[in-house]
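In this chain, numbering begins with 1 at the start of the sequence shown. Remember, it's 1-based here, ligands and their atoms both numbered in the order they're listed. This one's a predicted model, so the numbers in the text were calculated from it and none came from an experiment.
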Amino acid sequence: MGYSYSFTQISQYLRCPRSYRYRYLDGWREKETRAAMAFGRCFENALGAYFRDEDCGVALFNEWQAYRDAPFEFKKGETWDRFLHQGVHLLESFARDGRVRIRDPRKDLQIKFQQVLTEGSEFVAYLDAIGEIDGERCLIDWKTTSSRYTDSPEELLSLDTQLICYSWISGIQEVALVVFVRKHAPEIQYMRASISEEQRQEFGHLVESTISRIEAAQFSSHSGIRFPQNGCVSCSHLGLCLNNDQLIAAKLVRNPGASNLDWLDDLVD
Ligand code: SF4
């Protein structure tokens, strides 16, 4: 039987094949120390509650409460309470805007798509939602972030690889990103774009060629250490490349062996 691949895997390989090997073959995973990541998951679950006409503020509190005493690294100015406060504020603004409609929240949220690839492997993706923004049907990805996404020049979003991937696997041309910005005055960005048939086909080829390189065990490093875009600095596997035990212990945990369930990572992406 072939393996299951996800967008997270393909993009990690494209960023640095060595990092892919550490994560997916050797089992080195990043420890969950970032409050913002856990909060993003809680917030998306609260959005689900909103669309099911449940009390989304309560849902957010209950989800986030589980992390009350988690040993997170909070950035300067961030606290558990502040996250909650910003989240509630964003949910209220989202409800007030009323721009997004999900017809059937039981079917149209967290939708699984699968595509069988040549050589018997499969590609699995979970789309956050399929719905309407300002009356236009599109696939939707939610993001929570502490700073605004760049939204110019126009159509910049049509180059977003994750949205191209989702368009490819679902066949839906219209895509959107709804960005929940946790800042002093919380803001929501509703960004839309169209993905062309050519982009979808090109992504399909990229998936196939990337997987054939993975399966041919090509894991050379793409270190990219030049200023200002130094991918190694933000890479969780930096300690392994530098043989720095302190950094390894601080950032990583190891679950040896490759897992065929690694696409589950995409549920939290
Ligand atoms: S530290 Fe740099 S070279 Fe090493 S795995 Fe990460 S991105 Fe690749």
Side-chain angles (χ1 to χ4, degrees), residues 2-41 70-76 117 121 123-126 141 143-147 149-150 156-157 159-166 168 177 202-203 205-269:
Y3 282 101
S4 282
Y5 291 93
S6 68
F7 174 75
T8 310
Q9 280 167 271
I10 299 297
S11 66
Q12 181 143 358
Y13 184 88
L14 293 172
R15 205 159 48 233
C16 177
R18 177 69 48 86
S19 173
Y20 179 95
R21 194 193 79 194
Y22 285 143
R23 166 68 185 84
Y24 293 102
L25 274 73
D26 301 345
W28 290 101
R29 306 179 68 111
E30 189 174 3
K31 285 182 184 170
E32 181 158 287
T33 54
R34 281 179 292 164
M37 251 180 92
F39 181 78
R41 265 201 317 271
F72 284 145
E73 291 163 10
F74 283 102
K75 285 194 197 153
K76 199 164 170 277
L117 306 166
S121 293
F123 192 96
V124 179
Y126 280 84
D141 198 39
K143 294 282 181 218
T144 50
T145 165
S146 57
S147 48
Y149 273 39
T150 309
L156 181 65
L157 194 65
L159 303 180
D160 182 283
T161 327
Q162 192 167 11
L163 290 174
I164 295 171
C165 167
Y166 292 165
W168 164 70
L177 203 54
E202 197 178 64
F203 188 81
H205 295 314
L206 183 66
V207 167
E208 296 276 2
S209 68
T210 306
I211 289 174
S212 63
R213 279 188 281 153
I214 291 171
E215 295 186 351
Q218 293 176 13
F219 298 119
S220 54
S221 65
H222 281 189
S223 47
I225 55 158
R226 292 289 178 92
F227 178 84
Q229 302 274 1
N230 185 339
C232 295
V233 171
S234 56
C235 176
S236 57
H237 296 126
L238 182 59
L240 291 167
C241 284
L242 297 181
N243 291 319
N244 180 328
D245 291 339
Q246 222 178 338
L247 211 50
I248 294 171
K251 293 274 179 203
L252 299 168
V253 283
R254 188 168 189 202
N255 303 326
S259 162
N260 209 14
L261 293 175
D262 279 331
W263 51 265
L264 283 169
D265 281 0
D266 268 23
L267 281 171
V268 299
D269 201 37

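- Residue S19 touches ligand 1 through backbone and side chain together, judged by heavy-atom distances below 4.0 Å.
- Residue contacts to atom 8 (Fe) of ligand 1: H237 brings no N, O or S atom closer than 2.8 Å.
- Counting only non-hydrogen atoms, the option in S234, C16, G239 that gets closest to atom 7 (S) of ligand 1 is C16.
- Judged purely by distance below 3.5 Å, without hydrogens or angles, the side chains of S6 and Q9 pair a donor atom with an acceptor atom.
- If you check which protein heavy atom lies closest to atom 6 (Fe) of ligand 1, you get C235 SG, 2.4 Å.
- Which parts of ligand 1 touch S221 is read off a 4.0 Å heavy-atom cut-off, strictly below it: atoms 3 (S).
- Remark: the backbone N or O of L117 is not paired with any side-chain donor or acceptor of S121 at under 3.5 angstrom.
- Without hydrogens or angle criteria, K31 side chain to A249 main chain gives a donor-acceptor distance under 3.5 Å.
- No more than 12 heavy-atom neighbours from other residues, nucleotides or ligands sit within 6.0 angstrom of CD on E202.
- Proximity of a side-chain donor or acceptor of R254 to a complementary backbone N or O of D26 within less than 3.5 Å is detected.
- C241 lies apart from atom 2 (Fe) of ligand 1 in this respect, since none of its N, O or S atoms is found at a distance under 2.8 Å.
- I214 CD1 to Y20 OH: the interatomic distance, rounded to the nearest 0.5 Å, is 4.0 Å.
- Regarding atom 2 (Fe) of ligand 1, its nearest protein heavy-atom neighbour is C232 SG, 2.4 Å.
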